[in-house]
Amino acid sequence: MPQSLPTSATGYFGSMVESYDSLIHRAVPRYDEMIARLLDYLPTSAGRVLELGSGTGNLSLRLADSLPDAELTFVDGSDEMIAVVRSRVADSPSRSTRRIKYVESRFEDLDFPAPSFDLVVSSISLHHVADKARLYARVRSFLKPGGRFCFADQIRGEPESNHQLNWERWLEFCREPGNCTPEEIDSLLQHAAAHDHYTTLTEHTALLGRAGFSEIDCVWRNWMWGIVTATAA
């Protein structure tokens, strides 16, 4: 892990592209279950799909497999991560690269015509965005009426005592033998303090509602990780 942390979330994850897949399984409890549950709630009829924060492609590849006829747009702020996803897709002959687009951009800077997508999906990325009200409004503008916005992310517990309990349970998981080293935990904590913006479920619901979403639901929860789904009204 780097001794001096990059100054942005994009730089942080771009600098650890080779270790990212290993670390995410060692630092996120029930990570594979969470991704599987997120996929369960995605509409199989979606023809145009936007993923916010592709990382190294763990969810991206599953999207390509589970939505074989969809046009996919994978977005990440790190060119290193985009390169990894592109390579992983190309290495699989069963996945058509002609229906996949790659965009290097911060979520806040994305600009698509309205409406461009049937589904917007994200996994453990949105907590890096401070102004979620603006982001959710933009996501709503990207979606056709009836389109779905489904994301897995770290959710701030409420009251504060719940958040602190969730935080302690996460650190306990990280400290379990075979999971994270003390250096990795220190790096994660420094990154969280500098770049993470945790939002309560109550606030997510309010922001999504004001942005033009309805049918807002939390369909899965484990400590501070959760899955939220919403429909573009």
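When a residue number appears, it is its place in the shown sequence, counting from 1. Values below: every heavy atom of this structure, side chains too, minus hydrogens, waters and symmetry copies.
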Just say parallel, tilted or perpendicular for the rings of Tyr198 and His127, cut-offs at 30° and 60°. parallel

Does the side chain of Arg156 come under 3.5 Å of the side chain of Thr200 through a donor N or O and an acceptor N or O? no

Between Ala211 and Ala137, the two heavy atoms sitting closest are CB-N, 3.7 Å

Can Phe173 be reached from Ile155 by stepping across I, L, V, M, F, W or Y side chains whose heavy atoms are under 4.5 Å apart? no

Would Thr56 and Asp21 count as having a side-chain donor-acceptor pair, cut-off 3.5 Å? yes

For residues Trp223 and Val28: do they belong to one hydrophobic cluster (side chain heavy atoms under 4.5 Å, members Ile, Leu, Val, Met, Phe, Trp, Tyr)? no

Decide side-chain contact (heavy atoms from CB on, under 4.5 Å) for Val139 and Leu52; before the verdict, give the C-alpha distance in whole Å, the side-chain angles of both, and the deciding distance to 0.1 Å. CA-CA 10 Å; Val139 169; Leu52 299 177; 4.1 Å; yes

Would you say Glu160 and Gln164 are linked by a side-chain donor-acceptor pair, where the criterion is simply a distance under 3.5 Å? yes

Any chance you could measure His128, atom NE2, to Leu135, atom CG, to the nearest 0.5 Å? 13.0 Å

How far apart are the C-alpha atoms of Asp217 and Ile227, what are their side-chain angles, what is the distance that settles it, and do they pass the side-chain contact (heavy atoms from CB on, under 4.5 Å) test? CA-CA 8 Å; Asp217 196 7; Ile227 297 173; over 6 Å; no

In Å and rounded to the nearest 0.5 Å, what is the CG to CZ distance from Asp131 to Phe107? 14.0 Å

Would you say the side-chain atoms of His204 and Tyr136 include a donor-acceptor pair closer than 3.5 Å? yes

Test Ile100 against Val85 for side-chain contact (heavy atoms from CB on, under 4.5 Å), laying out the working first. CA-CA 11 Å; Ile100 299 177; Val85 179; over 6 Å; no

With the side chain counted from C-beta on, respond yes when Asn166 and Arg169 share a heavy-atom pair under 4.5 Å apart, and no when they do not. no

CD of Gln154 to OG of Ser125: how many Å apart, nearest 0.5 Å? 10.0 Å

Does some side-chain heavy atom of Arg86 sit less than 4.5 Å from a side-chain heavy atom of Phe74? no

Treating Ser66 as the side-chain partner and Arg62 as the backbone partner, does any N or O pair qualify as donor plus acceptor under 3.5 Å? yes

Could you tell me if Lys101 and Thr73 have a donor-acceptor pair between their side chains, going purely by distance under 3.5 Å? no

Nearest heavy-atom pair of Glu104 and Ser78: which atoms, and what distance? CG-C, 4.4 Å

All pairs passing ring-ring contact (aromatic ring centres under 6.0 Å, His included) where residues 30-66 contributes a residue, at least two apart: His25-Tyr31

Distance flag, aromatic centroids of Phe149 and Phe213, threshold under 6.0 Å: yes

Do the side chains of Glu51 and Val75 get nearer than 4.5 Å, heavy atoms only? no

Side-chain touch Cys150/Thr229, heavy atoms, less than 4.5 angstrom: yes

Just by modelled atom types, is the Asp91 backbone N or O under 3.5 Å from a matching donor or acceptor in the Arg88 side chain? no

